[in-house]
Amino acid sequence: MKRVVSGVKPTGDLTLGNYLGAMKRWGEMSADPELECFLFVPNLHALTVRPDPEELRRNSRAAVAWLLAAGADHEHTYLFMQSQVPAHSELTWILNNYATVGELNRMTQFKDKSQKLGAEGQLVGLYDYPVMMAADVLLYDADEVPVGEDQKQHVELTRDIATRFNNVHGETFKIPKPTVQTEGARIMDLQDPTRKMSKSDADLSGCILLEDDEKVIRKKIMRAVTDSGSQVAAAADKPAVTNLLVIMSVLSGKPIDELEQKYAGRGYGDFKEDLAELVVRTLKPLQRTYTQLMKPGNDQIDKALEHGWWRASELANAKLGQVKELLGLM
Ligand code: AQP
């Protein structure tokens with residue numbers, strides 16, 4: 001059986017980008033009896049933005065509910081909170097000694113995030129994030145790490161760290177493969193198509209949240225920026241319309257050229273209305289399940305977490321024990 005590991009950070013309300021770039025596929029993978037899926041909520045990673053504790057607790061639970069709503073609810077799928085498996089923290093510290101400052105300096109996500117404030121004022125946790133991500137993956141001997149385009153570089157670093165460790169201490173970690181789906185890998189902000197749609201953005205007007213109600217979704221899509229001209233076509237000089245076409249294509253399963261033909265000569269208005277309808281229709285059943293799961297008294301989230309924690313701890317503790325033995329720590 002192949003093992004897959006991935007996660008979604010509880011740093012805010014999840015977005016359509018999270019869903020299309022990652023969670024939709026995780027839901028499909030969860031249904032595959034040949035796969036063991038470890039889907040966790042990296043709440044320790046969330047500390048890099050120093051969240052309000054109550055908000056962190058709520059967002060972490062909500063992330064589990066969205067994962068379940070997206071279909072990650074099968075026997076061989078293990079949902080868990082990162083902080084409930086202490087091996088993640090311990091292995092991070094160990095792997096810090098197998099990654100270099102030069103490597104971390106090259107991580108584009110860190111560079112992007114430190115652009116506004118400069119690297120000097122950034123927290124060490126944010127800088128070290130990719131090493132913890134390596135620990136997250138290597139503890140489970142993952143074969144595959146399905147991520148959005150933005151996380152691919154971190155998985156490459158995970159591979160380098162694992163290879164370095166194996167070279168020194170002998171075969172210990174499986175070398176995981178990043179799998180990035182081509183379509184929907186990078187959904188952009190509806191107000192600024194040069195920026196990724198991100199849940200922790202200060203201005204969420206260009207960001208569709210999975211919790212947004214029908215009215216808000218329609219408003220955000222109808223107000224999405226468009227490019228000059230009126231043709232619904234994907235092109236390098238039409239990043240806004242291209243982004244909307246990508247969203248429609250992933251949701252409808254139809255190739256972009258087919259959609260371009262369908263909307264030829266019809267202008268942006270019709271196209272946006274249809275897209276809004278499609279997004280609303282897709283999210284409705286997920287939202288319904290999510291609302292049920294989050295109701296006080298519903299214990300499905302806790303049950304799923306218990307099921308996941310048990311299996312995740314079993315594997316992670318065994319791997320950590322092996323590493324500590326090799327390093328003379330036990
Ligand atoms: N806009 C996006 N398009 C495609 N995929 C995306 N992902 C995130 N945003 C997009 C993918 O979702 C998975 C979970 O991501 P995450 O929340 O753990 O981390 P992130 O990439 O940092 O997501 P955000 O929303 O941008 O969070 P913040 O604002 O907190 O940094 C990953 O597989 C990711 O690629």
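Read the numbers this way: they start at 1 and go in the same order the structure lists the ligands and their atoms. Keep in mind that what you see is a predicted model, and the values were worked out from it rather than measured.
In this structure, the side chains of Ser89 and Met132 come closer than 4.5 Å at one or more pairs of heavy atoms.
Ion pairing of Arg218 with Glu273 is absent here, as no side-chain N (NZ or NE/NH1/NH2) approaches a carboxylate O to less than 4.0 Å.
One finds the NZ atom of Lys262 at 9.5 Å from the CG atom of Asp270 (value rounded to the nearest 0.5 Å).
Sorted by chain and number, the residues within 4.0 Å of ligand 1 by heavy atom are Gly7, Val8, Lys9, Thr11, Gly17, Asn18, Gly21, Ala22, Gln109, Lys113, Val147, Gly148, Asp150, Gln151, Gly184, Ala185, Arg186, Ile187, Lys196, Met197, Ser198, Lys199, Ser200.
Under a cut-off of 6.0 angstrom, the local environment of CD in Glu306 is sparse, with at most 12 non-hydrogen atoms contributed by other residues, nucleotides or ligands.
Screening residues 220-235 for side chain to side chain donor-acceptor pair (under 3.5 Å) gives Asp212-Lys220 as the qualifying pairs, with residues at least two apart or on separate chains.
Note on Leu14 and Phe40: separate hydrophobic clusters, where clusters join Ile, Leu, Val, Met, Phe, Trp and Tyr whose side-chain heavy atoms are under 4.5 Å apart, directly or indirectly.
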